[in-house]
Amino acid sequence: QVQLVESGGGLVQAGGSLRLSCAASGTFFRINTMGWYRQPPGKQRELVAYITSGGNTNYADSVTGRFTISRDNAKNTMYLQMNSLKPEDTAVYYCNADALILTMRQYDYWGQGTQVTVSS
């Protein structure tokens, strides 16, 4: 099992910044790709950004240039620095991790989600 613990969500005004973190814990051999997803009110969940174990990143067009994803492999922790926040960034943000467990089987894990609200 792998648990993903998120922190950093909250309420900010438009133009502000927020930093989310996601720490993976449990019994596993390696975490491969980690990513952030979000689900705005009344909409489907969408990919925000992901980062591979080697540090390669990818971003949704809506956040490119404003958000930065990073990770600390030694701590199995991922971060999302969100700058120049807009009201349309309001959503529940979810942490996702692709992990190889000690039995050499690979599974996909999700965090509980954290609310980010951007006021105008």
### Query
Is it the case that Arg19 places NZ or CZ above or below the six-membered ring of Tyr79, under 6.0 angstrom from the centre and within 45 degrees of the axis?
yes
### Query
Is there a side chain to side chain contact (heavy atoms under 4.5 Å, CB included) between Tyr93 and Val48 once you walk through the steps?
CA-CA 9 Å; Tyr93 283 71; Val48 177; 4.1 Å; yes
### Query
Is Asn73 reaching over with its side chain to a backbone N or O of Ser53, donor-acceptor style, under 3.5 angstrom?
yes
### Message
Taking ring-ring contact (aromatic ring centres under 6.0 Å, His included) as the definition, give me every residue that meets it alongside Phe67, ordered by chain and number, with sequence neighbours left out.
### Response
none
#### Entry: Student check: side-chain heavy atoms of Tyr50 and Met34 closer than 4.5 Å
no
### Query
Val63 and Tyr37: same hydrophobic cluster, using ILVMFWY side-chain contacts below 4.5 Å?
no
### Message
Do Val5 and Val2 land in one hydrophobic cluster if side-chain heavy atoms of ILVMFWY residues count as linked below 4.5 Å?
### Response
no
### Query
Are Leu80 and Leu4 co-members of a hydrophobic cluster defined by side-chain heavy atoms under 4.5 Å apart?
yes
### Task
Compare all side-chain heavy atoms of Arg38 with those of Glu46 and state whether any distance is below 4.5 angstrom.
yes
#### Entry: Nearest-0.5 Å distance, CZ of residue Arg66 to OG of residue Ser84
7.0 Å
### Query
Is there a side-chain contact between Val12 and Thr117, using heavy atoms and a 4.5 Å cut-off?
no
### Task
Compare all side-chain heavy atoms of Asn58 with those of Asn56 and state whether any distance is below 4.5 angstrom.
no
### Message
Are the side chains of Met78 and Ser21 in contact, using a 4.5 Å heavy-atom criterion?
### Response
no
### Leu18 to Gly8 - nearest heavy-atom pair and separation
CG-O, 3.3 Å
### Message
Rounded to the nearest 0.5 Å, what separates atom CD1 in Ile31 from atom OG1 in Thr52?
### Response
13.0 Å
### Task
Without swapping roles, check the side chain of Thr90 against the backbone of Val118 for a donor-acceptor pair under 3.5 Å.
yes
### Query
Between the side chains of Asn83 and Ser17, does any donor sit under 3.5 Å from an acceptor?
yes
### Message
Do Gln106 and Asp98 have side chains that approach each other closer than 4.5 Å (heavy atoms only, starting at C-beta)?
### Response
yes
### Task
Evaluate whether atom CD of Gln112 has more than 12 neighbouring non-hydrogen atoms of other residues, nucleotides or ligands under 6.0 angstrom away.
yes
### Query
According to a 4.5 Å side-chain heavy-atom criterion applied to Ile, Leu, Val, Met, Phe, Trp and Tyr, with indirect links allowed, do Ile69 and Leu47 form part of one hydrophobic cluster?
no
### Task
Evaluate the side-chain proximity of Tyr94 to Asn96: yes if any heavy-atom separation is below 4.5 Å, no if none is.
no
### Query
How long is the span from the CD1 atom in Ile101 to the OH atom in Tyr109, to the nearest 0.5 Å?
5.0 Å
### Query
With a 4.5 Å limit on heavy-atom distance, are the side chains of Trp36 and Leu20 in contact?
yes
### Task
Of all the heavy-atom pairs spanning Val116 and Met82, show the shortest one and how long it is.
CG2-CE, 4.0 Å
